[in-house]
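Working notes for the structure below.
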There are 2 protein chains.
Amino acid sequence: VAALVRSITPVSLRDPHTGGTNYRDAGPKIPAAAVSLEDAMSMARLSATGEHVRVKLNMEAQMLPDANSADVMGEIRGREKPDEVVVLGGHIDSWDIGQGAQDDGAGIMAAMEAVVLMKQLNIRPRRTVRVVFWTNEENGAAGGKAYRDWLGADVNKHVAAIEMDEGAERPIGFDFGGTEGPGRGPSVSESAFRRAVEIGKLLEGINAAAITRGGGGTDINPLTLAGVPSFGLRTVGLHYFDWHHSNADTFDKVDPHDFRLNIAALAALSYTLAEMPERIGDLK
Amino acid sequence: VAALVRSITPVSLRDPHTGGTNYRDAGPKIPAAAVSLEDAMSMARLSATGEHVRVKLNMEAQMLPDANSADVMGEIRGREKPDEVVVLGGHIDSWDIGQGAQDDGAGIMAAMEAVVLMKQLNIRPRRTVRVVFWTNEENGAAGGKAYRDWLGADVNKHVAAIEMDEGAERPIGFDFGGTEGPGRGPSVSESAFRRAVEIGKLLEGINAAAITRGGGGTDINPLTLAGVPSFGLRTVGLHYFDWHHSNADTFDKVDPHDFRLNIAALAALSYTLAEMPERIGDLK
């Protein structure tokens, strides 16, 4: 009749985390809710004593019809190949509790600041560097899909896509070009991967040089599936799930120094991909 | 028109702490509320930018007329001097959010278990050892006052009072016989303090031997004021204010090993005070 999920978090002060539920078309749409670690443990203890645990669910959540929202974009037009694009960003929506500071306010602001850095330095890369704040990541990823649909055939003009959506803790590097598989897109060539590793070395000074095989991110996944080489910024991830999808995801959790390191990582990668003579996806 | 207080806690996941407000008889009774660290920081940041911060308070708190509640007691009657009493305990009420596991469920359960230990060991001390779960500590301390009033002149038969009301973290020792002062009661003699230090040494094996000068606790304060030598169990207090008076004060926060150490500390102290030939307060 319903599903209760122990909050996916290591740390709790009785704050439940929200999350999505997916239904098969044929199955029943049962209510689902996350409960705090404390309440999950309480139910488990009662149950272990043989107690018949009854839970009364009062939920206000409902699925409303789609409404309009918008992706937000800005760019520095490329000086030689303005129709070729390196896109970077995150998502402008968040779960409706908390402020969404880590998920994903920090991601979109860091992407914007990365391009602001280029502007302040009077850098106009060879190709266009575009920042996108995708909408509706949390509830269907419509913003990412709409962006790809809006591109149409021009999606092959996208040289790379970069997403920051794991919070603003200290960055360690990027996932790049995951393996083939359902929902994963084509894997990148060994040459492309080696080039990414070379680019990563630019970030050794801030200990963010690790290039690993993995996915890019939900917003850019439609681009990944269309063959655009995709990068996902990775962090140490020590505390992200303490705050993520809870009302504790507030601005004070963003460490300014770590935030600036993320900006640096995004700036260095996006600039290099936009400036280097070859398209990284063309390396065989 | 109102007072907002930044929650008295070092750690927060957007969980405000409750607390009491005291009014002078002559002054206005303005609403007062605690806000979470996150919200306090948010208001401070907005205010620092010159923003005119407006807060709308919707509060349900109200002061209801007094209602009946009860202190809960149990004891092992002394074998030689049953009318002389060592009392130990905590308070059975808690703030109405959370479970009050640390404040003060652990305190009353540890006091009871300390006496259960004596029962299991077939120990009947020279004097009576009484466990009291005082009521209404959080909101007026009526249970502690009622207990003293119930004793009447027999309060001078109380050899010592011991309270555990700082949570069930690892114990380090006891505060004993604070200095003179308003609301503090008479200080104990140097001889009594030295004896307490000797008793404390029984707890060196669990690193809980520290006897320091200080107060006993809210519930036993009426006894302290009446001249009863009073002890307050002290812990490392690393996390108590992470949970205290919030809805995160739940059973899972009680570490079973630390809890048992508190039982041991209460058992050793209360037994020794009840068994030793002299009354500790008579030592000059």
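Quick note on labels: first sequence line is chain A, next is B, and so on, each numbered from 1.
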Exercise. In residues 42-49 of chain B, which residues are in contact with chain A at a heavy-atom separation under 4.5 Å?
Worked result: Ser42(B), Arg45(B)
Problem set entry | Met59(A), CE atom: more than 12 neighbouring heavy atoms under 6.0 Å | yes
For this session: Start with the C-alpha distance between Leu13(A) and Val11(B), add both sets of side-chain angles, then the distance that settles side chain to side chain contact (heavy atoms under 4.5 Å, CB included), and finish with yes or no.
Result: CA-CA 9 Å; Leu13(A) 289 172; Val11(B) 173; 4.0 Å; yes
Exercise. In residues 231-265 of chain B, which residues are in contact with chain A at a heavy-atom separation under 4.5 Å?
Worked result: Asp242(B), Trp243(B), Asn247(B), Ala248(B), Thr250(B), Phe251(B), Asp252(B), Lys253(B)
